[in-house]
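When reading the values below, keep in mind they use all heavy atoms of this one structure, side chains included, and skip hydrogens, waters and symmetry mates. Remember, predicted model here, so these are calculated numbers, not experimental data.
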Amino acid sequence: MSNIGTIKYEGAKSTNPLSFKFYNPTQVVGGKTMREQLKFAMSYWHTLCSGLPDIFGEGTIDKSFGKTAPMDIFKAKADFGFEFMKNLGVDYYCFHDNDIAPHGKNLTETLDNIQHMAEYLKSKQKESGIKLLWGTANNFSEKMFMSGAATSPNADVFAIAAAKVKTAIDCTILLGGTGYVFWGGREGYDSLLNTNLKLELDNLAKFLTMARDYARANGFNGDFYIEPKPKEPTKHQYDFDVATCIGFLRQYGLDKDFKLNIEGNHATLAGHTFEHELALARINGMFGSIDANEGDYLLGWDTDCFPKDVLTSTYVCLDIIRAGGFTNGGLNFDAKCRRQSNTIEDLYIAYILGMDTYALGLLAADKIIKDGRIDNNLKTRYASYTTGIGKQIVDNKIDLATLAKYARDLKSIDVQSGKQEYLESVINNIIYGGI
């Protein structure tokens, strides 16, 4: 265990690195406390498991927490994790099955270890009041998943993936999780020369359908999430971005049960902004949960940096508010310290950075909505669809021939300015006007 105690809100003038400067959990913003609005969650994998390796070097921090026996190590991870969340005031956590328990000699022993540790986590939840946000299965790390899990060309791999997902769902139900995530991992392909594209997509849909039906039959009433990711490790991933996922879910009739868990770094790898992906999910009724991180724009892979960009967090929080807030989802930090930030204190400071960044974003988003200039400009720009021919278009009360006749009689067209630079200056003024 660490010697770091409770992290307190000390305000913007504080120079104490182990304090919140902007995240005040009891402060009411938009009718709810910051704690309720943001629903922060700890990511088990990066926080408790990652030793901070990269593709060129070994890890720089030991996450065995002073233990040597495999099960003791994972219990120590849980003990530290719950202390960590308590000290930060984080109310939720997320996990992969492989994060919480050691591998056994075979699949049966591995699944038994996971279920044993789930019982241990349940006791930790009871002691602390901390809750599970969502669970998932790691069906991408092991050699057997080198060609996918649900989309593997080997049916035995499909079956093993199903067994792991069943256990992860059982643990999620046991721990009261309100979400279950499917991250495709290696569900994709590198070459069409050795890929039966239709079979793989059909099998992926069958897999998700079976998992949904099993979970519902066993009392799971939460949301299922797909986590979009465009590339890395495969060249073409089936969950490329929000639009791709929505199209897939609708094609296979899964859109009523599934929403999306959207990550900032994945959005930029797909060539989108974080806010674009969130807005597209929101307007399609599929906004679910958030993996809050950011990438390094000079590096072309999933760097999973802790968020520090206040402008991006502002846009994200605008979408959270416009979606009516989280329901079953929340905001977890799918982020890791940089390799050279390899102390427990660094880990606390990284979470403080992320939580303060989103507190600033929430405060700014609330001000933008109350200010009204952004929303009023949007209404003005689309005002032509509130009366006359525009309203007929919106209400589906006009046909193509009538529109063509109307167009022939137009004398002039005046498309008004989009005022983009003005609106961007308004955002800067609201965010940074107090400097």
Side-chain angles (χ1 to χ4, degrees), residues 1-12 14-27 33-52 60-61 63 65 77-96 99 124 128-134 263-265 274 289-296 303-310 312-313 316-317 320 326 329-363:
M1 298 303 102
S2 68
N3 295 319
I4 297 171
T6 302
I7 306 300
K8 297 178 181 178
Y9 168 72
E10 295 184 5
S14 174
T15 57
N16 175 11
L18 292 170
S19 70
F20 294 117
K21 317 303 183 298
F22 304 101
Y23 177 61
N24 182 358
T26 60
Q27 181 178 345
T33 65
M34 281 192 176
R35 194 169 197 157
E36 293 169 317
Q37 288 275 30
L38 295 170
K39 287 185 69 176
F40 288 129
M42 180 192 76
S43 63
Y44 217 99
W45 50 102
H46 287 319
T47 306
L48 303 181
C49 300
S50 174
L52 305 181
T60 60
I61 185 171
K63 294 281 182 73
F65 297 98
K77 289 180 190 291
D79 292 342
F80 172 81
F82 277 81
E83 178 193 274
F84 182 74
M85 288 185 279
K86 181 172 178 286
N87 285 345
L88 284 164
V90 169
D91 296 322
Y92 301 90
Y93 69 103
C94 315
F95 71 83
H96 301 83
D99 302 333
K124 302 298 293 186
S128 64
I130 291 168
K131 302 173 183 177
L132 176 66
L133 188 67
W134 52 256
E263 178 181 310
N265 202 168
F274 198 175
S289 202
I290 288 176
D291 278 9
N293 62 18
E294 58 188 59
D296 187 319
T303 52
D304 288 336
C305 301
F306 273 90
K308 60 186 181 299
D309 183 345
V310 175
T312 294
S313 72
V316 169
C317 288
I320 292 172
F326 292 111
L331 194 156
N332 88 81
F333 292 109
D334 188 0
K336 57 191 174 189
C337 294
R338 297 306 87 195
R339 228 166 147 257
Q340 62 271 32
S341 299
N342 62 342
T343 70
I344 294 301
E345 181 175 286
D346 289 323
L347 186 58
Y348 273 94
I349 290 170
Y351 266 79
I352 291 167
L353 167 65
M355 293 167 79
D356 270 345
T357 297
Y358 271 85
L360 282 166
L362 180 64
L363 290 167

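From Tyr348, atom OH reaches atom CG of Leu18 across 9.0 Å, with rounding to the nearest 0.5 Å. Rounding to the nearest 0.5 Å gives a distance of 10.0 Å between CZ of Phe274 and OG of Ser313. Here Leu133 contributes atom CG and Asn332 contributes atom CG; the two are 7.0 Å apart, rounded to the nearest 0.5 Å. Considering CD1 of Ile349 and CD1 of Ile4, their distance stands at 7.5 Å, rounded to 0.5 Å. Once rounded to the nearest 0.5 Å, the distance linking OH of Tyr92 with CG of Leu38 reads 11.5 Å. Between Glu83 atom CD and Thr6 atom OG1 the span is 9.5 Å, to the nearest 0.5 Å.
Of the possible donor and acceptor atoms, none in the side chain of Asp296 sits under 3.5 Å from a partner among the backbone N and O of Thr303. Without hydrogens or angle criteria, Asp291 side chain to Asp334 main chain gives no donor-acceptor distance under 3.5 Å. Side-chain atoms of Ser19 do not come within 3.5 Å of backbone N or O of Glu10 as any donor-acceptor pair. Looking at Thr357, its side chain does come within 3.5 Å of a backbone N or O of Pro307 through a donor-acceptor pair.
Arg339 pairs by the side chain to side chain donor-acceptor pair (under 3.5 Å) definition with nothing, not counting sequence neighbours. Listed by chain and number, the residues in a side chain to side chain donor-acceptor pair (under 3.5 Å) with Ser50 amount to none (sequence neighbours excluded). Under the ring pair (Phe, Tyr, Trp, His ring centres under 6.0 Å) criterion, Phe40 pairs with Tyr23, Phe333, not counting sequence neighbours. In this structure, Lys86 has no salt bridge (charged side-chain N to carboxylate O under 4.0 Å, His left out) partners at least two apart in sequence or on a different chain. In this view, Lys63 and Ile61, Phe65, Lys77 satisfy the side chain to side chain contact (heavy atoms under 4.5 Å, CB included) rule, not counting sequence neighbours. Partners of Lys308 by side chain to side chain donor-acceptor pair (under 3.5 Å), not counting sequence neighbours, listed by chain and number: Glu294. Remark: Phe326 pairs with Lys39, Phe287, Ile290, Ile320, Leu331 by the side chain to side chain contact (heavy atoms under 4.5 Å, CB included) rule, at least two apart or across chains. Ala350 pairs by the side chain to side chain contact (heavy atoms under 4.5 Å, CB included) definition with Phe306, Cys337, not counting sequence neighbours. Residues that satisfy the side chain to side chain contact (heavy atoms under 4.5 Å, CB included) test with Leu360, not counting sequence neighbours, are Phe22, Val310. With sequence neighbours left out, Tyr351 forms a side chain to side chain donor-acceptor pair (under 3.5 Å) with Thr47. Partners of Arg35 according to the salt bridge (charged side-chain N to carboxylate O under 4.0 Å, His left out) rule, which considers only residues two or more places apart in sequence or in another chain, are Asp91.
Scanning both residues, Ile352 and Ile7, for their nearest heavy atoms gives CD1-CG2, 3.8 Å.
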### Query
Would Lys336 and Ser43 satisfy side-chain contact (heavy atoms from CB on, under 4.5 Å), going step by step from the backbone distance to the final call?
CA-CA 9 Å; Lys336 57 191 174 189; Ser43 63; over 6 Å; no

### Message
With side-chain contact (heavy atoms from CB on, under 4.5 Å) as the criterion, how do Phe20 and Ser14 come out once you've worked through the C-alpha distance, each side chain's angles and the decisive distance to 0.1 Å?
### Response
CA-CA 8 Å; Phe20 294 117; Ser14 174; over 6 Å; no

### Query
Where do Phe84 and Ile344 land on the side-chain contact (heavy atoms from CB on, under 4.5 Å) test, with the steps shown first?
CA-CA 10 Å; Phe84 182 74; Ile344 294 301; 5.8 Å; no

### Task
Please assess Leu132 against Tyr93 for the test side-chain contact (heavy atoms from CB on, under 4.5 Å), listing each intermediate value before the final yes or no.
CA-CA 5 Å; Leu132 176 66; Tyr93 69 103; 3.7 Å; yes

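Residues Leu363 and Gln27 form a side-chain contact, since some pair of their non-hydrogen atoms from C-beta on lies under 4.5 Å apart. Side-chain contact between Tyr358 and Val316: present, with at least one pair of heavy atoms (C-beta onward) separated by less than 4.5 Å. Proximity of Asn16 to Lys8: side-chain heavy atoms (C-beta onward) are nowhere separated by under 4.5 Å.
One side chain, Asp304 or Asn293, offers a donor N or O that lies under 3.5 Å from an acceptor on the other.
Sorted by first and then second residue, the salt bridge (Lys or Arg N to Asp or Glu O under 4.0 Å) pairs with a member in residues 345-361 form an empty list; sequence neighbours excluded.
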